[in-house]
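Owing to the predicted nature of the structure, the values given are computational and were not obtained by experimental measurement.
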Amino acid sequence: IMFTYCIDFSKGLNVPDLSANPKLADVLTFEIKHKDWYVVSSKINDVALRQLLMEEYNLPMKDVVVTSTRISFGAAASS
C-alpha cells in the first residue's frame, strides 16, 4: 500500500533534491516537485518518512513537515 504525503521544508531552507537519493527512491514515488515542497507516494508512514528525511539531510524536526495530502493538499498547493 502506498500513502500520499506532502513534504514541506522551512522557508529559506536549501531544499534537497530528494529524487537523487537512492535510499528514498526505494520508498518514494515523486508526484509533484515544487521549490519548497514535494508530493510523494510512500511505502512508509509519515512518522517514519519524516525521521528518514531528518537523518538523511541532517535536518531538525522544525525544518521538515510530512502531512497526508487527504488533509492538507489544498492548503499546501495554494501556498
Side-chain angles (χ1 to χ4, degrees):
I1 297 176
M2 299 284 276
F3 301 96
T4 305
Y5 298 109
C6 184
I7 302 170
D8 278 299
F9 294 92
S10 294
K11 298 289 182 218
L13 188 73
N14 188 12
V15 176
D17 182 1
L18 304 184
S19 60
N21 185 321
K23 206 181 263 190
L24 295 178
D26 288 343
V27 295
L28 297 180
T29 301
F30 295 90
E31 309 292 343
I32 302 170
K33 180 182 177 186
H34 186 268
K35 67 181 177 75
D36 294 324
W37 50 267
Y38 289 83
V39 173
V40 299
S41 294
S42 174
K43 296 177 187 173
I44 59 177
N45 70 29
D46 56 334
V47 174
L49 178 54
R50 187 179 195 190
Q51 189 65 41
L52 179 60
L53 292 168
M54 288 166 37
E55 289 169 6
E56 284 294 299
Y57 297 101
N58 196 27
L59 296 169
M61 189 175 271
K62 68 178 180 60
D63 282 344
V64 61
V65 178
V66 177
T67 50
S68 169
T69 59
R70 277 177 268 176
I71 298 165
S72 66
F73 182 72
S78 65
S79 61

Exercise for review: Decide side-chain contact (heavy atoms from CB on, under 4.5 Å) for L13 and D36; before the verdict, give the C-alpha distance in whole Å, the side-chain angles of both, and the deciding distance to 0.1 Å.
Suggested key: CA-CA 8 Å; L13 188 73; D36 294 324; over 6 Å; no

Check your understanding: Should the ring pair H34 and W37 be called parallel, tilted or perpendicular, given that the plane angle runs from 0 to 90° and is split at 30 and 60?
Key -> parallel

Check your understanding: Would a hydrophobic clustering, with Ile, Leu, Val, Met, Phe, Trp and Tyr connected at side-chain separations under 4.5 Å, put M54 with I44?
Key -> yes

Exercise for review: Examine V27 and V47 and state if one hydrophobic cluster contains both, with Ile, Leu, Val, Met, Phe, Trp and Tyr joined whenever side-chain heavy atoms are less than 4.5 Å apart.
Suggested key: no

Exercise for review: Could you check Y5 against V39 for side-chain contact (heavy atoms from CB on, under 4.5 Å), going step by step and ending with a plain yes or no?
Suggested key: CA-CA 6 Å; Y5 298 109; V39 173; over 6 Å; no

Practice item. Begin from the C-alpha positions of L24 and L53 and carry the test side-chain contact (heavy atoms from CB on, under 4.5 Å) through to its verdict. Key: CA-CA 8 Å; L24 295 178; L53 292 168; 3.9 Å; yes

Review point. Between V40 and L49, does a side-chain contact (heavy atoms from CB on, under 4.5 Å) hold up when you go through it step by step?
Key: CA-CA 11 Å; V40 299; L49 178 54; 4.3 Å; yes

Check your understanding: Do E31 and S41 meet the criterion of a side-chain donor-acceptor pair at a distance under 3.5 Å?
Key -> yes

Check your understanding: Going by atom types only, do Y38 and D8 share a side-chain donor-acceptor pair under 3.5 Å?
Key -> no

Are the side chain of [X] and the backbone N or O of [Y] linked by a donor-acceptor pair below 3.5 Å?
{"X": "R50", "Y": "V65", "result": "no"}
{"X": "K43", "Y": "D26", "result": "yes"}
{"X": "S10", "Y": "K62", "result": "yes"}

Quick one: pull up [atom1] in [X] and [atom2] in [Y] and give me the separation to the nearest 0.5 Å.
{"X": "E55", "Y": "K23", "atom1": "CD", "atom2": "NZ", "value": "7.5 Å"}
{"X": "Q51", "Y": "D46", "atom1": "CD", "atom2": "CG", "value": "12.0 Å"}
{"X": "N58", "Y": "D63", "atom1": "CG", "atom2": "CG", "value": "10.5 Å"}

Check your understanding: If we only count heavy atoms from C-beta on, is the K35 to V15 side-chain gap below 4.5 Å?
Key -> no

If you look at every heavy atom in [X] and [Y], which pair is closest and at what distance?
{"X": "P22", "Y": "A20", "answer": "CD-O, 3.3 Å"}
{"X": "D17", "Y": "S19", "answer": "OD1-OG, 2.6 Å"}
{"X": "Y57", "Y": "L18", "answer": "CE1-CD2, 3.5 Å"}

